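Here's the structure, in structure tokens; my notes come after.
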Amino acid sequence: MLPRFQRTRGVLRLLALWVSHAYKEGYQGAHRDPLITLGTAPLDDPQFRAAVFGQLGEDRLEGAVTTDICGKKDSHAVRLDMVADDQIKKARLHRKVTTTIFFESNGGILRTESTIPEIRLAVAEPSLDIGNVETVLETLATNCYFLSIEKNKYCFSLSPNLNKILADRRANIQSERITERVKAEIQKVFTSHPGIQLIEFPEVSGKITNQPVLNLAILSPEHSMQDSQTLKMIESMTKECGTSNRTFKSGIIWAIADTDTKLREEARKVLAWEDINDEEKERLDENQKRQLGENLKKCESNLKESVWNAYKFVALLGKDNKIRVIDFGQVNSSQADKLVNLIINRLRQSDDVIDTINPRSLSRNWPPAFTEWSTKAVRDAFFASPLFPRLLNSDAVKDAISRGVKDGTLAYVGKSNNGYQPFCFQCDLSVRDVEISEDMFIITKETAEAYQTALVASISIPEKPSIPPETGETTTDNPDNNKSGFTPIPNTVGDKPAPYDSHRKKSQDEPEPKDEPEIITPVVLPKLLKWSGVITPQKWMNFYTKVVSKFATIKDLKLTLKVEVLVEGEIATQKIEETKVALAELGLNNDVKTDIDLLN
């Protein structure tokens with residue numbers, strides 16, 4: 001009877017300390033709990049806490065209580081209540097839930113865990129939204145160090161859980177590893193898009209090529225919008241390429257992170273979980289192994305989502321020639337299948353990026369200084385001038401010219417000494433026949449019509465020549481046509497007189513000559529013309545103008561060209577790439593072979 005009496009006496013002492021603490025708290029106005037429940041137990045009081053451990057016969061739980069419940073300023077439940085919303089904060093729900101779990105899992109006789117229904121019943125009180133209990137449990141599961149969870153059962157134990165192991169690992173993750181992991185995840189999220197050239201983490205302007213293509217430059221997360229130097233860096237790299245001024249400065253779109261704080265934190269968690277999985281998995285029990293897999297998968301997903309959340313800003317050159325920043329607001333992976341697609345679609349909506357060109361827009365934005373506008377300059381304008389939208393596909397220029405020629409908005413011409421050759425206006429012009437070069441041009445409808453009028457006016461029709469009669473006299477308006485100076489040409493064949501001479505006197509018996517039937521030989525014109533030869537580079541343009549341009553509008557014209565360039569030394573890789581780009585722009589096969597390729 002004595003041990004049982006002592007146990008009852010101890011419990012009554014605990015209750016007395018509990019009531020005394022509650023009265024004191026209520027009198028001081030700190031907290032006014034309507035009921036005394038398991039969750040209101042004053043475990044922050046060292047005297048009460050010591051009495052509890054005495055009844056349990058186990059004082060090693062001191063660390064678990066002060067770390068996860070209360071007793072210190074940075075105890076997890078206390079800290080979580082301070083940062084929670086007003087209802088949870090006012091009810092001190094994190095602390096009440098953890099205190100309930102502590103008593104349920106350590107003071108029971110038959111079971112050493114607490115279920116969700118038991119926790120709900122223990123913390124229930126008037127005006128409490130009971131649904132907040134699950135929210136609190138989820139938060140505690142990712143923060144507490146000694147809270148064990150198996151399915152829907154919760155308990156406090158002496159052994160640290162995965163969160164404690166994670167915290168120890170996180171502290172040892174080096175900054176360089178975090179930076180590398182963040183960049184690797186950004187590269188996974190920013191996948192390729194047709195018509196877009198991705199430039200990853202440029203630090204110098206020379207890394208972004210100065211070519212008429214659309215570039216999406218992804219800034220490193222440390223160059224975030226929170227850094228005051230970021231926009232200055234963007235402006236400098238937009239207008240410069242190495243030590244030279246950039247020509248195609250409008251062709252750069254910048255993707256900028258809001259901040260890198262969350263990215264680095266999520267990357268640190270992933271690396272820590274990966275280290276635990278690689279090095280400590282064998283020492284974990286089955287429940288912890290399951291939780292390890294779930295936590296690693298969840299953190300990897302959170303890291304990916306944090307990239308979407310971070311890159312909410314886009315910058316590009318505005319029409320005032322200054323950097324314009326666009327805030328997309330809250331961005332997440334549910335809004336598009338790819339982050340690049342989301343950026344391009346948003347820019348399409350504002351007409352900063354387009355897929356097709358209206359031929360009339362070329363007429364409206366015609367440079368005043370040009371009568372003829374080269375097709376290359378037209379293409380370049382969409383990547384160089386902020387007054388024009390950015391093109392996803394440079395072939396849209398060819399398509400616009402083709403449609404403009406057909407509807408009479410534009411004319412497609414070449415220039416020669418004899419005028420425009422070829423001259424395509426108000427006719428069908430295939431997109432494949434449009435060449436993007438400095439030697440082919442478009443002209444406006446007005447210029448084309450004026451050229452046509454001048455061309456017709458310059459053509460003179462010759463008068464029909466007078467044919468002399470058989471008497472050898474020239475027919476003129478004046479009957480006395482001997483004064484005209486016309487000398488008849490004898491009808492001869494070689495040195496012999498013709499069968500009939502109209503200038504000699506005919507005898508009476510001589511019969512009249514009969515007209516010989518004229519023999520007409522049909523003229524057969526060739527259908528095929530071929531030529532091959534070697535042309536020096538200095539004669540290429542003259543060859544096109546004087547020879548090829550005459551047949552440029554013929555549908556079945558075919559040119560076969562073989563180019564071999566042999567230099568002393570080496571051909572720069574940049575020149576090879578520029579050649580491939582130029583061939584692609586002309587719609588040609590850009591499979592360029594070098595001697596290295598042939599050897600391999």
Side-chain angles (χ1 to χ4, degrees), residues 192-200 202 205-218 234 237-255 314-319 321 323-324 340 343-344 347-348 351-359 361-362 365-367 369-370 372-402 404 410 412 431-442 572-590 592:
S192 60
H193 184 285
I196 299 291
Q197 180 172 292
L198 296 180
I199 310 296
E200 298 169 344
S205 61
K207 187 174 181 180
I208 306 174
T209 58
N210 188 21
Q211 294 179 349
V213 294
L214 193 56
N215 297 285
L216 179 60
I218 308 160
I234 287 175
M237 295 175 69
T238 297
K239 297 183 177 181
E240 298 172 2
C241 182
T243 58
S244 306
N245 291 329
R246 185 180 297 278
T247 302
F248 303 104
K249 53 185 178 294
S250 185
I252 306 177
I253 300 171
W254 299 90
V314 164
L316 42 75
L317 198 65
K319 293 185 178 181
N321 214 36
I323 297 297
R324 176 165 64 97
V340 178
I343 292 174
I344 296 303
L347 293 178
R348 277 195 183 106
D351 287 335
D352 288 298
V353 169
I354 60 174
D355 298 276
T356 60
I357 306 169
N358 187 334
S361 68
L362 296 177
N365 295 282
W366 198 275
F370 293 161
E372 298 94 5
W373 193 2
S374 77
T375 56
K376 181 178 182 297
V378 174
R379 188 273 317 275
D380 291 353
F382 286 90
F383 300 96
S385 172
L387 298 177
F388 290 86
R390 294 146 188 85
L391 282 179
L392 273 175
N393 187 354
S394 59
D395 284 344
V397 175
K398 297 182 179 181
D399 178 68
I401 293 174
S402 173
L410 306 167
Y412 175 70
V431 173
R432 297 189 301 270
D433 294 334
V434 178
E435 178 184 340
I436 302 298
S437 72
E438 295 178 345
D439 304 310
M440 298 305 296
F441 305 84
I442 59 173
T573 303
Q574 182 179 355
K575 286 190 176 182
I576 297 174
E577 293 302 320
E578 289 175 352
T579 302
K580 292 181 179 180
V581 170
L583 289 169
E585 290 173 352
L586 294 173
L588 301 175
N589 174 22
N590 65 347
V592 175

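Keep in mind it's a predicted model, so treat the numbers as computed, not measured.
- With hydrogens and angles disregarded, no donor-acceptor distance shorter than 3.5 Å links the side chain of Asn590 to the backbone of Thr579.
- Going from atom NZ of Lys376 over to atom OG of Ser394 covers 12.0 Å, rounded to the nearest 0.5 Å.
- How far OG of Ser250 is from CG of Asn215: 11.0 Å, rounded to the nearest 0.5 Å.
- Ser437 approaches Ser374 most closely through the heavy-atom pair O-CB, 3.9 Å.
- Ring geometry, Trp373 versus Trp366: the interplanar angle exceeds 60°, so the pair is classed perpendicular (tilted spans 30 to 60°).
- Within the 3.5 Å criterion, the main-chain N or O of Ile234 finds a donor-acceptor partner in the side chain of Thr238.
- Thr375 and Glu435 make their closest contact through OG1-O, 2.7 Å (heavy atoms, listed as atom of the first residue, atom of the second, distance).
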- Go through the steps for Val353 and Ile253 under the test side-chain contact (heavy atoms from CB on, under 4.5 Å), then give the verdict. CA-CA 10 Å; Val353 169; Ile253 300 171; 4.1 Å; yes

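- The shortest distance between side-chain heavy atoms of Leu391 and Ile357 falls below 4.5 Å.
- A distance of 8.0 Å separates CG of Asn245 from OG1 of Thr247, quoted to the nearest 0.5 Å.
- Residue Ser205 comes nearest to Met237 through the heavy atom pair N-CE, 3.7 Å, listed as atom of the first residue, atom of the second, then distance.
- Looking at heavy atoms from C-beta onward, Ile252 lies in side-chain contact with Arg246 at the 4.5 angstrom threshold.
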- Can you list the steps and then say if Ile344 with Arg348 is a side-chain contact (heavy atoms from CB on, under 4.5 Å)? CA-CA 6 Å; Ile344 296 303; Arg348 277 195 183 106; 3.7 Å; yes

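- Considering CD1 of Ile218 and CH2 of Trp254, their distance stands at 11.0 Å, rounded to 0.5 Å.
- Under the 4.5 Å side-chain criterion, counting only non-hydrogen atoms from C-beta, Asn365 is not in contact with Leu387.
- In this structure, Leu216 CG and Ile208 CD1 are separated by 10.0 Å, a value rounded to the nearest 0.5 Å.
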- Query: Does the pair Ile436 and Lys398 meet the rule for a side-chain contact (heavy atoms from CB on, under 4.5 Å), with working shown?
  - Reply: CA-CA 8 Å; Ile436 302 298; Lys398 297 182 179 181; 3.6 Å; yes

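- Considering all non-hydrogen atoms of both residues, Pro389 and Asp351 come closest at CB-O, 3.4 Å.
- Between Ala384 and Pro386 the shortest heavy-atom distance is O-CD, 3.7 Å.
- Residues Leu392 and Ile354 are not in side-chain contact: their nearest non-hydrogen atoms beyond the backbone lie 4.5 Å or more apart.
- Between Leu317 and Ile323, the closest side-chain pair of non-hydrogen atoms falls below 4.5 Å.
- The local environment of NZ in Lys207 is crowded, with over 12 non-hydrogen atoms from other residues, nucleotides or ligands closer than 6.0 Å.
- Rounded to the nearest 0.5 angstrom, Phe382 CZ and Arg390 CZ are separated by 11.5 Å.
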- Query: Would Leu316 and Leu347 count as a side-chain contact (heavy atoms from CB on, under 4.5 Å) if you check the C-alpha gap in whole Å, the side-chain angles of each, and the deciding distance to 0.1 Å?
  - Reply: CA-CA 10 Å; Leu316 42 75; Leu347 293 178; 4.0 Å; yes

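- Here the closest non-hydrogen pair linking Ile401 and Tyr412 is CG2-CD1, 4.0 Å.
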